[in-house]
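A short worksheet on the structure shown next.
Basis for what follows: all heavy atoms, side chains included, without hydrogens, waters or symmetry-related copies.
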Amino acid sequence: MPANEEVIIMENTGSINDSNINERFGSAKPMTLPDIVYKRIRGIFGIGCIRNSKSNEDGYVEFGQNEGGDSSGGRTLGTFAGVFSPVALSMFSALLFLRIGYIVGNAGLLVTLIQFLIAYSILVFTVTSICAISTNGAVEGGGAYFMISRTLGPEFGGSIGTLFFVANIVSSALYIFGCAEGFVENFGPSGYLTWKGHELRDGGWYRFMYCSVLNFLNLLVCLIGAGMFAKISVVIFIVVCLSLGSVVTSFIYMNPFEVPIPEENQLVQNATYLVNGSYTGLDWNTLNSNLYQHYTKDYTSKDGKVPDFAAVFGVLFSGVTGIMAGANMSGELKEPGHSIPWGTMSAVIFTFVSYITVSVLSAATCSHFLLANNFFYMMPINIFPIFITLGSLTATFSASLSNLIGSSRVLEALAKDNIYGRLLKWITRGTCDGNPVAAVVLSWALVQAMLFIGSLNVIAQINSVLFLLSYLATNLACLGLDLTSAPNFRPSFKYFSWWTALIGLIGSLVMMFVINALYAVSSIVLCFLLIVLLHLFSPSSQTAGWGSLTQALIFHQVRKYLLMLDSRKDHVKFWRPQVLLLVGNPRSSTPLIHFTNDMKKSGLYVLGHVIAGKEFSEFPTDPAGIQYPHWLSLVDHLKVKAFIELTVARSVRDGLNHLSHLAGLGAMKPNTIVLGFRDNQKPLDLFQIPGSEFLTDKFEKEDESLFPLRDSENQVDYQEYVYLISDILRMQKNICIARNFQNYSKLQIKSGAYKYIDVWPVNFFKPSMNELFDTTTLFMLQLACIVNMVNGWKHLRVRVLLCEGQGPTSGITDFSLRRAPNTEFKQLLESLRIKADIETVETWSRVKAFLRGSEVALDKNNETTSIYLTNVNQMIKAKSGETAISFLYLSTPPQDANYYADYLEHLTLLTEDLRPCLLVHGIRAVTSTTL
C-alpha cells in the first residue's frame, strides 16, 4: 500500500486531525537559528535528526499517523531502553539504598514481606490493566493520560491527566532534592566520601543551587530527546545493578564488625562516646531478632515521631509508584503494544525480587539497632562504598529525569487534545523533530519553581496519592470496558480479567486512604471538580472523536433495565405520559415541541417525522439517515429531552402507523400521540422571524435551508388527517391535537402574563351524553396537573370550567347523591390530590340552546350547528383572557368517512382564534385514588 494511501485510511477511521495531506507533506519550512542550534547540540551527542511532519494543532491523532510512510518515524526506543530501565529505576529510586533499613528495622522482616506482597499485588493488578489497554489498539504519546482519556472520555481523562502531570512535576522535584541531599551527605562537611578542605558546602541556598544544576542537566537531556534519555537510563541501570550486586555480595562476604551510628542521630548519640551498631554477617539469631515489629523513633524527623504500620507502608509504597514510567514514553516506543506490557511486568518482577533479597539479607546480617538508627548502613558494610553512593545518586537522578520527560509527554498530549483550548495551544507549535520542546521547557520551569519551596516533604504524601489516583482510573477504565462487554475490547494481553482490575482499583483506593485520608478525599474532590469544569468549558468535551466509556456503560445498563421493565406489570399509580409528537416541520413547530417537552413529566418523548411522497425503494439512499444528524442538532439547539424517530412512507398515515408501532423500545413505548392541527394557516419560520425566541442560523446553508417549510401541495388532505385521528384511537393511544401554538410563548408565561390553565370537561359535540367523570375528563385533568408541576408553570392555577347543568342525573334515585356537579367534582379533585379552582360557566345554557338535538349534526350545510359552535368558541374565548392554555374535549371522529370534512370543519370552528389549546381524548385510566 502506498504511504499516502495508508494515511488516508487512518484519517478516515481513527483521527480527529482536520489538517489535510498537503499540509503534512508540503514543502519544508526554512530553518531558523534556534532549529540550527538545536540540531547542532543533538549532533554533538551523536543523535541523528529524524524528520517529523507538521505537528497536529487541531487534535490528537487517534490510531497513529505514518510520517511520510515511515512507520518508525520518531519512534526509536525498544522494550529494554524505553520501558524496562525507566520503570526499574523509578521503582528503585532512593528506596533500595536508603530506606530498606527504616522499613525492616521498624516493621520487622515478616511484616516487611507482607507489605511488599500487598504493594506489589496492587502494582501487578494495575500493570495488568495497563497491559490490557496498551494491547487493545495503537497507543500514542501521553502514556497513562492517553489510555485513560481514550477510554473514559476527555473530561475524565483530562482531569486525571492534569493531576498525573502535577504528580510527575512534584515527583521530579522530590527526587532532585533526594539526589542533592545524597551529594551533601556523601561529599558534604560530614560526608562519608570527603577530602579535608574539599567538602561540598551545605546550606539552604547551596542546596538550591545543587538542585538547580541537577534540574538543568535534566533539561538538557530532555531537550536532546528520548534517544539520549534512553541511553542515560541504560547506563544508570547498569550502575545501579552493579551497586545492587555489590550490596548482595558484601552481605555474604563481609565479616562481623561494629558500624558507627551517624552523628546527626541525636536520639542515641551522646557527647561522651560514639555509639555503634552491629553487623553480624549471616546469623540465625540476628534474623530471628528482626522477624517481628519493633517500631522506634525516626531520627530523621524533627519530632522523633514513632512510626506505625501505615507510616512505614506509606514510605514503602511511595517508593515503588514508578510503573507508569514506561507508559509515559509511549510516543517514542517502536512497538508500545508490545514494549509497555512486557517491559513493565518484567521490571516489576525484577524489582520485587531485588527488594525481597535485600530485605532478607539485611534482616539476617544487621542488628535491629543498626537498621533503625543508621539508614546509610549499606555504605560502611559494602566492599566498595562508592558503589552505594553511585547507586543512590544515579537512581534518584534517573527517577527525576524520568518524571520530567514523562510530565512533558503528558502535557504535550493534553495540548494536542485541546483539553484546555488556547491555554495550551502554543505547546503544540513548540515541537522540533518530534520532541515537544515547549512542553519540556514548561515542565522544567515548573519543577524549578517547586525547588523554591525548599523541602517537599509536606506534599510528598499527596504526590503518592495522585499517582494512586491515576492507577485507580486505569483500573476503572479496564473494569468498565470488561463489564460493558464491548466487542472491540480484545486485548492481546491475556492475563487480565475484570477481577484483576477490581482488585487493583480497590487496592489503589485503600492505599490512598492508608497513606493519608485527608489527601485522598481532597484529591478525589479535586478530580471531580476538574471533570465538571472540563465538561463545561473544555473545547474537546464536545469535539473529541475517540468515544467515551460512559456511553458503553449507559448502553449496558439501559439494555439491562429495559429488559427488566415489564409492560405486563404496569399500574395506573405509576402512569406517566410517554409522548410521540408528529412533527411536519420544526421551523413552525418549535413552540409545540417545547410545550410537549414540559408535558411529558420525565416520561418518554419522541419526535417523529414522516418523509412522505415516495416509497423507500424509490430513493437512491436512505433519506432518514441523511436527515437524522440534523434532527439531533435540532434537539440540542432546542434543549429538549427527546428521541428522534424518522421513517419513509408513501403517505403520512402509513408513516404514523410505522412510528406508533415501532417508536420506543420494550415497555418504553408511546401511550400518547400529539398532532398539530390541520388548517390553511400559512406556517411561520420561527428560526428566521426577528424577535422570535427560537431565532437561529444553525440550520441555514449557502445552497439551501434545512427543514424547508411546506406549501399547500404538500399539506395533508383533510380526509387523511381525520384518518390519522381514527387510527390513533384504533391503536388504543391517547391523542392530543394542538392548535394556535404559534401564539405560545414560554417567556410570557414565566413573566406572569397569564393566570390559568383551563380544563373544559365537556364534549361540545355531544354535550347531553357527556359523563362528568369519564376517561377523557380525567386524562385532561392529569395533563393539566402535570403541566402545572413544571418549572415556569407552577405559579398558574388549574381552573376547571363546568358548564351549567352538565352531566345526567336522571338515573340517580338516591336524592342524597344528586348534588351539584361542582360539589362532586371538588370531591373528585380532592381524592386525586389535584389543586384546582372550579368555576361554573353560567352562559352555557344559553349557548346550548342553539343546539338542536343532543349532538352536533355532521352536515356542513347545517347553519344551526355552525352558529352553535361559533357561540361555543366565543364563550371559551370570553373565559380565556388570562389563560395560558386550554384543554378541550375531543370527540371521536364519525365512522363514515364521508363526514370527515364536516368533522374537521367543526373542530376548526370550535378552536378558531383561541389561545393555545389541546383537543384531548383519553383511552385508558391514568389516575388513581389508592396508595
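Note: Y744 and W793 have parallel aromatic rings, judged against thresholds of 30 and 60 degrees for the angle between ring planes. F156 and F528 have perpendicular rings, their planes meeting at more than 60° on a 0 to 90° scale where under 30° would count as parallel. The aromatic rings of Y495 and F493 lie perpendicular to each other, with more than 60° between the two planes, well past the 30° mark.
Side-chain contact between M511 and Y471 is absent, with no heavy atoms from C-beta onward closer than 4.5 Å. Counting only heavy atoms from C-beta outward, the side chains of I749 and I885 never approach each other to under 4.5 Å. Considering only heavy atoms from C-beta on, L890 stays 4.5 Å or farther from T776 through its side chain. Side-chain contact check for R739 versus L919: every heavy-atom pair is 4.5 Å or farther apart. Taking 4.5 Å as the limit, every side-chain heavy atom of R924 sits out of range of all side-chain heavy atoms of V926. With a 4.5 Å cut-off on side-chain heavy atoms, I122 and S508 count as touching. Side-chain contact between V572 and T927: absent, with no pair of heavy atoms (C-beta onward) separated by less than 4.5 Å. In this structure, I757 and F887 have side chains that are in contact, with non-hydrogen atoms separated by less than 4.5 Å.
The backbone N or O of S745 lies less than 3.5 Å from no partner atom in the side chain of E693, so there is not a single donor-acceptor pair. A donor-acceptor pair is defined here as one N or O able to donate and one able to accept, closer than 3.5 Å; such a pair exists between the side chain of R833 and the backbone of S831. Looking only at distances, a side-chain donor or acceptor of H556 sits under 3.5 Å from a matching main-chain atom of L483. Between the S660 side chain and the N657 main chain, no donor and acceptor come within less than 3.5 Å of each other. Between the S538 side chain and the H535 main chain, no donor and acceptor come within less than 3.5 Å of each other. Side chain of D570 to main chain of W575: no donor-acceptor pair is present (N/O by atom type, distance under 3.5 Å, no hydrogens or angles). Remark: side-chain polar atoms of T344 are not paired, donor with acceptor, to backbone N or O of P341 under 3.5 angstrom. S159 contributes a side-chain N or O that, together with a main-chain N or O of C527, makes up a donor-acceptor pair within less than 3.5 Å.
For residues 467-477, no pair satisfies salt bridge (charged side-chain N to carboxylate O under 4.0 Å, His left out), with sequence neighbours left out. For residues 580-591, every residue pair satisfying the side-chain hydrogen bond (donor to acceptor under 3.5 Å, both in side chains) rule, not counting sequence neighbours, is listed here: R587-D685, R587-E700. The list of salt bridge (charged side-chain N to carboxylate O under 4.0 Å, His left out) pairs with a residue in residues 594-609, not counting sequence neighbours, reads D598-K746. For residues 722-736, the set of pairs meeting the salt bridge (charged side-chain N to carboxylate O under 4.0 Å, His left out) definition, not counting sequence neighbours, comprises R653-D727, D727-R730.
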For a quick test of your reading: what N or O donor-acceptor pairs under 3.5 Å do the side chains of residues 602-610 make, sequence neighbours left out?
from : atom 1 : to   : atom 2 : distance (Å)
Y605 : OH     : I593 : O      : 2.8
H609 : ND1    : V583 : O      : 2.9
H609 : ND1    : G584 : O      : 3.4

Report all side-chain donor-acceptor pairs from residues 631-644 shorter than 3.5 Å, counting only partners two or more places apart or in another chain.
from : atom 1 : to   : atom 2 : distance (Å)
S633 : OG     : P629 : O      : 3.1

Using atom types as modelled, flag every donor-acceptor pair under 3.5 Å from a side chain in residues 664-674 to any protein atom, sequence neighbours excluded.
from : atom 1 : to   : atom 2 : distance (Å)
K669 : NZ     : H661 : O      : 3.1
K669 : NZ     : A663 : O      : 3.0
N671 : OD1    : Q578 : N      : 3.0
N671 : ND2    : R576 : O      : 3.2

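Of the inter-residue distances, the one linking H594 atom NE2 with N597 atom CG reads 7.5 Å to the nearest 0.5 angstrom. Atom CG of L592 sits about 5.0 Å away from atom CG of L581, to the nearest 0.5 Å. Expressed to the nearest 0.5 Å, how far CG of L729 lies from CG of N734 amounts to 9.0 Å. Within the model, atoms CG of L888 and CH2 of W760 stand 8.0 Å from one another, a figure rounded to the nearest 0.5 Å. Atoms CG and CE, on L918 and M599 in that order, are 6.0 Å from each other to the nearest 0.5 Å. To the nearest 0.5 Å, atoms CG (L476) and CG (L502) are separated by 10.5 Å.
The two residues S149 and F146 make their nearest non-hydrogen contact at OG-O, 3.2 Å. Between V798 and A784, the shortest heavy-atom contact is CG2-O, 4.0 Å. Pairing each heavy atom of A132 with each of F496, the nearest pair is CB-CG, 3.7 Å. For P761 against V800, the heavy-atom pair with the smallest separation is CG-CG1, 3.9 Å. Heavy-atom minimum distance, C785 versus I834: SG-CG1, 4.2 Å. Scanning both residues, D417 and R150, for their nearest heavy atoms gives OD2-NH1, 2.6 Å.
S129 and N475 share a side-chain donor-acceptor pair at under 3.5 Å.
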Side chain to side chain contact (heavy atoms under 4.5 Å, CB included) between I160 and L472, worked out: CA-CA 10 Å; I160 295 294; L472 185 150; over 6 Å; no

Evaluation steps, side chain to side chain contact (heavy atoms under 4.5 Å, CB included), between L580 and E645: CA-CA 9 Å; L580 168 62; E645 288 290 349; 5.6 Å; no

Intermediate values then yes/no, side chain to side chain contact (heavy atoms under 4.5 Å, CB included), F779 and C736: CA-CA 10 Å; F779 182 51; C736 299; 4.2 Å; yes

Derivation of the side chain to side chain contact (heavy atoms under 4.5 Å, CB included) call for M512 and I524: CA-CA 10 Å; M512 289 172 63; I524 293 172; 4.0 Å; yes

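Within 6.0 Å of the CZ atom in F555, the count of heavy atoms belonging to other residues, nucleotides or ligands does not exceed 12.
D622 is linked by a salt bridge (charged side-chain N to carboxylate O under 4.0 Å, His left out) to nothing, counting only residues two or more places apart in sequence or in another chain. For N791, the side-chain contact (heavy atoms from CB on, under 4.5 Å) criterion is met by K794, not counting sequence neighbours. Residues satisfying the salt bridge (charged side-chain N to carboxylate O under 4.0 Å, His left out) test with R490, not counting sequence neighbours, are none. For R650, the salt bridge (charged side-chain N to carboxylate O under 4.0 Å, His left out) partners at least two apart in sequence or on another chain are E615, E618. Qualifying side-chain contact (heavy atoms from CB on, under 4.5 Å) partners for V532, counting only residues two or more places apart in sequence or in other chains: L536.
For the pair R678 and Y721, the cation-pi test (distance below 6.0 Å, angle within 45°) is failed.
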